[in-house]
Amino acid sequence: MPENAAPSPAIAPDALQPALDLQRTLLRRGALLVALLLLGLGLWSGQALGRAERAALPATARLVAQLLHQDLARQLSAFERDLEQVPVRLEVLADLERRLPLCVRLRALDEREIGAHCGPDTPVAAPARWLGRQLAALESADRPDRVRLPLLLPAGIKAGTIEVGVHWDQVGLAWAERLLLLLGLGLLLGAAGLALSWPVGRALRPTRQILAALARLEAGEREVRLPVPPLRELRELTLCFNRLAQRWTELLARQQQLAGRLLHTREEERRHLARELHDEMAQSLSALRAETAVIGALAARTGTPALQQAAGRIATLCAQLQEALQGVLQALRPTMLDRFGLGAALEALVAQPRRREVDGALPACTLHLPAQGLEALPADMAVHVYRIVQEGLTNAVRHGEARTVQVEMQVEMQVEMQAQMRLDRSIDPQAALVIDIADDGRGPGPDGPVPGHGLLGLHERVQALGGTLALDRPEAGGLRLRVRLPIRPPVATEDRT
């Protein structure tokens, strides 16, 4: 993280919650809702089947008894009372059993079973039989699952008992068929949900573009705009984002222009002040030294040693003042930059002896300049490059206590918007100056010095020039400062008319 970056704002507790994927959430919740609905329908249909069979059982039992009595009346006369000679035929119930799941049992007066049949004779699988047993286990006090009626002979004499019950295996089979139908309906609804999720995902696709645009905007890319989506809600959002990005870009452009003018004005004021000091103070000190030399010569001739000593002290003070003035002039405006260019000025800056020794030795500074490209830099940009290197060396030697410092510069071509360049071939690549300052000292951090105003001022200068500044701490130690500056036309001076 850059040392001059602003502290991160406090994260709200809601921001720590995991992000909500709307498309997947809708699918999961829709699937859960459909599953619960189908499960409820399945349970309700089973209970409805059981209640319906129990409710229809008394009427069905009376119908069974009527059919059996009619068959007995056809087989026996009114005076015959021997039921053993003419058995009861349960085949007469075949048509009824095809429509209703019945189990019919005939018992004699002594409760001996004399006939039984359950229909229809459809094979039932084990799961269906299990479902039938579950329905049979739901006991009902007012609606039993068995009804007993007397078996009467044509003479009206009771010959036994007719017991009619529900064939729960067949009811379980009917319930299983309904469950399979509901399962098919669930699969159909699932396929419909998947089909509907595709247009939902397509409608939400601009949200990913919005997130990507916000990330690019956070990274400092200014020309970020979003296409207008067809969805009305997202359309308003993208239009608002584009307006906000446009205003932010304009604000940054005005701020950068103002900062650039301030830097340019400050350098011009420094140059003007250095010129005034050189023209006034330097000449005055030179004249004062000349007058002091004359006074000293006259004192030597007249034999006044006190006056001669005073003149010598004044000359020494004048020399010290001139030396100090040269340092001030060099700090205000490096003379080699105007006379010999940026390359020579940087070589002189790197070759200057450092005032602070580390372990009894002066730090070693090396400079690597590009073979060509520096001469194309505007004059107002050259002084900023000089100040950046100067501040980097000061930070490495004075604050980081580095033993070695390497300064490397190169001019490279870059394209700010590679995606736009692929679409629009008319975009020209832009040249950029890259400055790398690496040292082996104690970089800013827990074990190093606290970053001061130097790096902050350097960051503001780079921002005013439209560049980027990155600080990196290599694994081997030290600090690496990397500055990238776009090469632009010189800043026009403000009209003071």
Side-chain angles (χ1 to χ4, degrees), residues 1-30 193-257 259 412-434 459-460 462-472 480 482-488:
M1 177 180 180
E3 299 297 333
N4 51 0
S8 301
I11 301 177
D14 295 341
L16 299 177
Q17 297 180 358
L20 178 64
D21 191 335
L22 182 59
Q23 186 178 7
R24 293 183 180 179
T25 302
L26 288 177
L27 285 176
R28 287 196 297 264
R29 294 184 178 179
L194 290 177
L196 290 176
S197 67
W198 181 79
V200 171
R202 184 178 180 182
L204 294 178
R205 190 178 305 167
T207 58
R208 301 186 183 94
Q209 298 177 353
I210 294 175
L211 293 177
L214 288 174
R216 290 166 57 189
L217 200 64
E218 183 182 6
E221 191 174 341
R222 299 184 183 181
E223 300 300 327
V224 180
R225 300 296 182 271
L226 289 173
V228 180
L231 193 61
R232 182 178 59 185
E233 291 78 2
L234 294 180
R235 176 178 299 181
E236 296 296 329
L237 181 61
T238 53
L239 291 177
C240 181
F241 174 84
N242 289 338
R243 289 193 297 268
L244 180 62
Q246 180 66 27
R247 294 187 62 181
W248 180 76
T249 302
E250 295 174 356
L251 179 62
L252 284 185
R254 289 195 297 267
Q255 182 181 2
Q256 181 179 340
Q257 184 180 8
E412 63 181 24
M413 308 299 290
Q414 65 175 356
V415 177
E416 294 182 352
M417 301 294 291
Q418 296 181 359
Q420 292 186 5
M421 185 179 179
R422 287 194 296 267
L423 298 177
D424 188 359
R425 299 296 182 179
S426 63
I427 299 179
D428 296 329
Q430 183 178 359
L433 178 65
V434 180
H459 180 70
E460 293 179 352
V462 171
Q463 275 191 336
L465 297 175
T468 58
L469 170 65
L471 298 179
D472 185 24
R480 180 185 180 187
R482 183 178 179 87
V483 178
R484 181 185 295 270
L485 299 175
I487 300 177
R488 298 175 178 175

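What you see is a predicted model, and the numbers here were worked out from it, not measured in a lab. Heavy-atom basis, side chains included; hydrogens, waters and symmetry copies ignored.
Of all non-hydrogen atoms in A213 and V224, the two that sit nearest each other are CB-CG1, 3.5 Å. Across L433 and I487, no two heavy atoms sit closer than the pair N-CG1, 4.1 Å.
Here OG1 of T249 is found 9.0 Å from CG of L244. Values are rounded to the nearest 0.5 Å. Once rounded to the nearest 0.5 Å, the distance linking CZ of R225 with CZ of R216 reads 10.0 Å.
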- Item | Intermediate values then yes/no, side chain to side chain contact (heavy atoms under 4.5 Å, CB included), R243 and L239 | CA-CA 6 Å; R243 289 193 297 268; L239 291 177; 3.7 Å; yes

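The backbone N or O of R480 lies less than 3.5 Å from no partner atom in the side chain of D472, so there is not a single donor-acceptor pair.
The residue from L469, T468, L465 that alone fulfils the side chain to side chain contact (heavy atoms under 4.5 Å, CB included) condition with L485 is L465.
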